Protein chains: 2
Amino acid sequence: MSHFTKQVEENYLKALFKLKSREIKKVNNIALATYMELNPATVLEMMRKLADKNLVQVLPDKSIQLTETGERKAILIIRKHRLWEVFLVDKLKYKWNEVHDLAEQLEHIESDDLVNRLEEFLKFPAFDPHGDPIPDKNGKIKLNATIPLNLGKKGKTYTVKSFAETEDAFLDYLTNINIQPGTKITVLDLYEYDGSSSVQINNNKLHISEKVAQNILVQLKK
Amino acid sequence: MSHFTKQVEENYLKALFKLKSREIKKVNNIALATYMELNPATVLEMMRKLADKNLVQVLPDKSIQLTETGERKAILIIRKHRLWEVFLVDKLKYKWNEVHDLAEQLEHIESDDLVNRLEEFLKFPAFDPHGDPIPDKNGKIKLNATIPLNLGKKGKTYTVKSFAETEDAFLDYLTNINIQPGTKITVLDLYEYDGSSSVQINNNKLHISEKVAQNILVQLKK
DNA sequence: ATAATATATTTGGGATACCAAATATTTTTC
DNA sequence: GAAAAATATTTGGTATCCCAAATATATTAT
Ligand SMILES: [Mn+2]
Ligand SMILES: [Mn+2]
Ligand SMILES: [Mn+2]
Ligand SMILES: [Mn+2]
């Protein structure tokens with residue numbers, strides 16, 4: 001018996017949670033399989049196992065939902081992931097765009113006590129290096145009230161809070177154009193034709209695509 | 001394909017290294033299977049795979065040896081294990097007898113860079129919390145010149161350096177009788193009959209079995 | 001409504017890591 | 001040098017996680 005069942009299970013739960021919070025529409029088998037880069041047959045089989053364990057529920061319209069237990073587990077993994085990311089950046093001096101994959105491993109270390117001690121050691125950070133909120137030990141998350149930058153208004157200035165995408169290529173691009181959590185961005189122009197926009201960061205003007213703007217989550221600067 | 005092959009492999013390599021450094025006699029299939037609590041058939045099968053990968057060698061007398069590559073890998077895992085143990089004790093305030101099992105998980109986190117940064121963060125510790133030396137990034141280990149306490153001489157005082165056993169039950173027992181790396185122990189009496197001995201720790205007299213004394217590694221106090 | 005398309009499900013397999021039980025092969029012991 | 005004991009190896013089988021290809025069932029477009 002492979003004793004790695006737990007880790008595999010955790011990745012499914014986390015994927016379901018991410019998909020749910022990212023998209024409005026129902027998560028179906030194909031969407032989950034696509035997101036996880038797995039065969040639909042594999043995912044279907046696993047959904048049955050997770051349903052047996054009362055971690056997910058398949059609704060009559062075939063959409064897949066986490067149960068309360070499943071969601072709780074997912075959130076606690078995300079908590080671990082984000083705390084480890086803070087550790088890597090604050091203590092081991094990694095850059096914020098270098099830590100995701102390592103946290104992907106560390107999030108599966110099994111010990112509630114360890115996570116709680118880590119949190120204390122890090123002085124109870126509220127956000128991870130990407131600006132995402134860190135759930136508390138009971139699974140409560142303070143949500144950031146943000147909008148994607150592509151919905152920003154011409155002439156207004158916004159503060160970057162976090163990102164809707166975790167891919168390396170995206171974070172590397174952000175680093176290149178000097179955007180990180182906390183960066184102030186002024187929307188100079190919005191081009192209806194392709195959804196792209198012209199923005200100002202510090203003293204530099206920059207043209208960004210709609211795809212990029214959609215994944216930058218901001219708040220109006222106070 | 002289970003993507004956990006690497007972790008499984010690492011545990012075999014580490015077990016072989018531990019067995020070799022603990023016992024003088026050759027390590028055979030049964031010894032390894034017993035140590036790892038696995039079926040001999042399982043271990044035999046795995047030895048063939050590891051031999052194919054040039055990580056172990058099965059000699060004509062059926063004894064199993066790590067190759068140079070295999071030993072190097074084993075040592076680097078032990079390096080990770082011990083550095084994480086230092087982190088847990090120094091930074092997260094765990095007790096020295098509580099960290100082994102957590103390190104057993106953390107040692108499989110895959111990233112050379114991470115270990116090296118961790119080592120720097122911990123200020124290049126030479127020993128882990130159990131008194132065992134931490135190999136450097138090239139796999140070099142400074143060996144402790146120690147003797148087991150049961151070979152100590154009556155009347156002499158010794159300093160505890162490390163332990164030949166990592167089991168929880170043993171470490172808990174040591175904690176109970178107040179022995180840890182650095183403790184000074186004076187041998188008061190040796191009983192030939194059962195190999196047990198009477199020792200003094202601080203101002204307390206204590207009777208310990210041969211089995212316990214064998215697993216306490218000491219140096220003559222200067 | 002029918003055809004086209006998307007989604008869901010079934011079926012048959014593959015890889016890895018494991019085990020129990022039978023059979024060889026050594027090694028010890030007498 | 002047998003017999004006994006220990007060790008090694010083979011054989012057949014299980015659990016978990018995964019895939020490709022076929023089939024069934026919805027959904028959407030025309
Ligand atoms: Mn991340
Ligand atoms: Mn993960
Ligand atoms: Mn240890
Ligand atoms: Mn291990």
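Computed from a prediction, not measured in an experiment: that's the story for all the values here. Worth knowing before you read on, the calculation uses all heavy atoms, side chains too, and leaves out hydrogens, waters and symmetry mates.
Looking at every heavy atom in both residues, B:Pro125 comes nearest to B:Leu83 through CG-CD2, 3.9 Å.
For A:Arg48, the listed nucleotide lying nearest its side chain is C:dT10; candidates were D:dA8, C:dT10, C:dC18. Nearest to the side chain of A:Ile30, among D:dC17, C:dA17, C:dA8, sits C:dA8. Distance from the side chain of B:Asn28 is smallest for D:dA8 among the nucleotides C:dA8, D:dC17, D:dA8. For B:Thr5, whose side chain is taken as the heavy atoms from C-beta onward, the closest listed nucleotide among C:dT16, C:dT9, D:dC17 is C:dT16.
For the pair B:Glu10 CD and C:dA17 P, the computed distance is 12 Å after rounding to whole Å. Note: OH (A:Tyr12) to P (D:dC17) measures 8 Å, nearest angstrom. Put simply, CD on B:Glu45 is 13 Å from C1' on D:dT14, counting in whole angstrom units. Rounded to whole Å, the distance from CG on A:Asp52 to P on D:dT16 is 12 Å. Nucleotide D:dT27 holds its P atom 14 Å from the NZ atom of A:Lys26, rounded to whole Å.
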Donor-acceptor contacts under 3.5 Å from residues 85-92 of chain B side chains, at least two apart:
| residue | atom | partner | partner atom | Å |
| --- | --- | --- | --- | --- |
| B:Glu85 | OE1 | B:His130 | ND1 | 3.1 |
| B:Glu85 | OE2 | B:His81 | NE2 | 2.8 |
| B:Glu85 | OE2 | B:His100 | ND1 | 3.4 |

Anything under 3.5 Å between a protein N or O and an N or O of nucleotides 23-25 of chain D, put it in a table, one pair a line.
none

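With sequence neighbours left out, B:Lys153 forms a side chain to side chain donor-acceptor pair (under 3.5 Å) with no residue at all. Legend: residues meeting side-chain contact (heavy atoms from CB on, under 4.5 Å) with B:Thr175, ordered by chain and number and at least two apart, are B:Trp96, B:Asn97. Residues satisfying the side chain to side chain donor-acceptor pair (under 3.5 Å) test with B:Glu10, not counting sequence neighbours, are B:His108. For the side chain to side chain donor-acceptor pair (under 3.5 Å) test, residues two or more places apart in sequence or in another chain that qualify with B:Lys53 are B:Glu9. Applying the side-chain contact (heavy atoms from CB on, under 4.5 Å) rule to B:Ile179 yields the partners B:Val160, B:Phe163, B:Leu174, B:Ile177, B:Ile185, B:Ile201, B:Ile216; only residues at least two apart in sequence or on another chain are considered. For the side-chain contact (heavy atoms from CB on, under 4.5 Å) test, residues two or more places apart in sequence or in another chain that qualify with A:Asp61 are A:Lys26, A:Leu59, A:Ser63. With sequence neighbours left out, A:Asn176 forms a side-chain contact (heavy atoms from CB on, under 4.5 Å) with no residue at all.
Listed by first then second residue, pairs satisfying side chain to side chain donor-acceptor pair (under 3.5 Å) with a partner in residues 64-79 of chain B read B:Lys20-B:Glu71, B:Arg79-B:Asn116, B:Arg79-B:Glu119, not counting sequence neighbours.
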According to the Watson-Crick and G-U wobble definition with distances under 3.5 Å, which dot-bracket string, read 5' to 3', encodes DNA chain C, using [ ] for crossing pairs and | for pairs with another strand? ||||||||||||||||||||||||||||||

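Remark: A:Glu37, A:Leu38, A:Asn39, A:Ala41, A:Thr42 in residues 32-44 of chain A come within less than 4.0 Å of DNA chain D through at least one heavy atom.
Test B:Leu55, B:Ile64, B:Asn11 against B:Leu16 for side chain to side chain contact (heavy atoms under 4.5 Å, CB included) and you get one pass: B:Ile64.
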